[in-house]
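All remarks here apply to the structure that follows.
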Amino acid sequence: MPKIVTEEEKRRLKEAMHHETVQLIKTKGMKKITVEDIIHAVGIAKGTFYNHYPSKEYLLFDVIQKSEEKLFQKFLTIDFQTGDFHANVRKSLREIYLAEDSIVLYLQPDDITSLLNKLPMKIKTMLEEKQAKNFQRIAEIFAIDQQDAQTFGVVSYLMDCLHFTATNVDYGVEARQMSLEILIDTFADFLTKKKEREGVYYENSNN
């Protein structure tokens, strides 16, 4: 008679699979991970793995999405309406690019593209819709007018620089960390000065 697995046991097993996969991404890189690596790390049979995910790619996608969602929820908890706006922008970007539990630093630029090419098109479409929605929410919080081509362009370039730097260790980990700190400060400086200028303009227009 087959063993009956409770929902709690399923939940704990899935958490273990996610945790070990994150560790493997950090130590091996996403492209080098195999199903054998995962089942060995978790201590399960291959059949158990396929009871939860139809392929390695589905698990990797699930892990990355949950990690990004966790970071996004941290971002949403920051109160940008009160306190030091500059400090809050820095805090939000540090959570994404410098937090110990972030896997952004371990994903190469073409990792996601390669992964999505092995998954159904509907997943790629769903991801694009989600990313567009999240970006719109971030733009609203940072008070970025997406119709303002210049501001939108500067923010896009800075985000590209952050992501490129985060996934590049050609010049060493310490150099990367210092570069990320500089880019985060630059990003925060730009948004804060923009907010201050618009605040002054708003006050003058009402006098």
Side-chain angles (χ1 to χ4, degrees), residues 30 61 64-99 102-117 119-171 175-207:
M30 196 176 80
F61 181 78
I64 292 169
Q65 287 303 293
K66 282 184 168 55
S67 177
E68 289 183 351
E69 183 61 27
K70 182 180 177 182
L71 290 173
F72 189 66
Q73 290 305 316
K74 281 187 179 180
F75 171 81
L76 292 179
T77 63
I78 299 172
D79 184 3
F80 288 89
Q81 301 304 313
T82 60
D84 187 328
F85 180 76
H86 186 278
N88 284 336
V89 173
R90 287 190 78 255
K91 180 181 179 182
S92 66
L93 293 174
R94 285 180 63 84
E95 286 287 355
I96 296 172
Y97 293 102
L98 292 171
S102 173
I103 62 172
V104 171
L105 300 178
Y106 304 94
L107 297 175
Q108 296 303 311
D110 63 338
D111 281 347
I112 303 300
T113 301
S114 176
L115 178 64
L116 290 173
N117 286 338
L119 293 170
M121 181 59 68
K122 65 179 182 180
I123 290 181
K124 183 178 181 180
T125 302
M126 177 195 72
L127 179 61
E128 289 174 348
E129 291 174 353
K130 180 182 177 182
Q131 288 176 334
K133 184 178 178 181
N134 286 349
F135 185 83
Q136 184 176 2
R137 184 78 180 99
I138 292 171
E140 290 171 357
I141 291 172
F142 282 163
I144 300 170
D145 182 0
Q146 295 188 54
Q147 301 304 313
D148 180 350
Q150 186 179 59
T151 298
F152 186 78
V154 171
V155 169
S156 297
Y157 275 127
L158 287 173
M159 291 300 292
D160 285 347
C161 288
L162 277 166
H163 192 68
F164 172 80
T165 304
T167 57
N168 190 314
V169 288
D170 288 351
Y171 303 103
R176 177 179 67 179
Q177 171 126 356
M178 290 176 65
S179 299
L180 286 170
E181 293 280 9
I182 291 168
L183 286 168
I184 287 171
D185 282 340
T186 301
F187 196 110
D189 288 343
F190 174 74
L191 289 181
T192 302
K193 289 175 182 177
K194 178 179 179 298
K195 184 179 176 67
E196 289 171 350
R197 284 196 304 269
E198 291 178 349
V200 170
Y201 173 80
Y202 179 79
E203 289 177 5
N204 291 338
S205 65
N206 285 300
N207 291 334

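The figures that follow rest on heavy atoms only: side chains count, while hydrogens, waters and symmetry mates do not. All residue numbers refer to positions in the sequence shown, counting from 1.
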Only distances under 3.5 Å count here; give the side-chain donor-acceptor pairs of residues 91-98 to other protein atoms, sequence neighbours excluded, each with its distance to 0.1 Å.
from	atom 1	to	atom 2	distance (Å)
Ser92	OG	Asn88	O	3.4
Ser92	OG	Val89	O	2.7
Arg94	NH1	Glu181	OE1	2.9
Arg94	NH1	Glu181	OE2	2.4

(message) Would you compute the distance between atom NZ of Lys194 and atom CZ of Phe85 and round it to the nearest 0.5 angstrom?
(response) 8.5 Å
(request) Supply the atom-to-atom distance Gln147 CD to Phe152 CZ, rounded to the nearest 0.5 angstrom. (result) 9.5 Å
(request) Any chance you could measure Phe190, atom CZ, to Lys195, atom NZ, to the nearest 0.5 Å? (result) 14.0 Å
(message) Going by side chain to side chain donor-acceptor pair (under 3.5 Å), name the residues that satisfy it together with Thr113, two or more places apart in sequence or in a different chain.
(response) none
(message) List the residues meeting side chain to side chain contact (heavy atoms under 4.5 Å, CB included) with Thr165, not counting sequence neighbours, and say none if there are none.
(response) Arg176, Ser179, Leu180, Leu183
(request) Go through the structure and list residues passing side chain to side chain contact (heavy atoms under 4.5 Å, CB included) with Ile144, not counting sequence neighbours. (result) Ala139, Phe142, Thr151, Val155, Leu191
(message) Could you work out, with side chain to side chain donor-acceptor pair (under 3.5 Å) as the rule, every residue matching His86, not counting sequence neighbours?
(response) Asp189
(request) Sequence neighbours left out, what passes salt bridge (charged side-chain N to carboxylate O under 4.0 Å, His left out) with Asp148? Give chain and number order. (result) none
(request) Using the test side chain to side chain contact (heavy atoms under 4.5 Å, CB included), find all partners of Thr186 that sit at least two apart in sequence or belong to another chain. (result) Leu158, Ile182
(message) side chain to side chain contact (heavy atoms under 4.5 Å, CB included), that's the test. Do Leu115 and Ile64 meet it? Break it down for me.
(response) CA-CA 11 Å; Leu115 178 64; Ile64 292 169; 4.0 Å; yes
(request) Tell me, please, which residues at least two apart from Asp110 pass salt bridge (charged side-chain N to carboxylate O under 4.0 Å, His left out). (result) Lys31
(message) Just to verify, what does Asn117 make a side chain to side chain donor-acceptor pair (under 3.5 Å) with, not counting sequence neighbours?
(response) none
(request) Any chance you could measure Tyr106, atom OH, to Met30, atom CE, to the nearest 0.5 Å? (result) 15.5 Å
(request) Taking side chain to side chain contact (heavy atoms under 4.5 Å, CB included) as the test, write out the residues that go with Asp170, two or more places apart. (result) Asn168
(message) Before you tell me yes or no, could you show the steps for Lys193 and Glu196 under salt bridge (Lys or Arg N to Asp or Glu O under 4.0 Å), namely the whole-Å CA-CA distance, both residues' side-chain angles and the distance that decides it to 0.1 Å?
(response) CA-CA 5 Å; Lys193 289 175 182 177; Glu196 289 171 350; over 6 Å; no
Between side-chain atoms of residues 70-77 and protein atoms elsewhere (two or more places apart, or another chain), which donor-acceptor pairs fall under 3.5 Å?
from	atom 1	to	atom 2	distance (Å)
Lys70	NZ	Asp101	OD2	3.4
Gln73	NE2	Glu69	OE2	2.7
Lys74	NZ	Asp101	OD2	3.1
Thr77	OG1	Lys74	O	2.6

Side-chain atoms of residues 120-136: list all donor-acceptor pairs with protein atoms under 3.5 Å, sequence neighbours left out, distances to 0.1 Å.
from	atom 1	to	atom 2	distance (Å)
Thr125	OG1	Met121	O	3.2
Lys130	NZ	Gln65	OE1	3.2

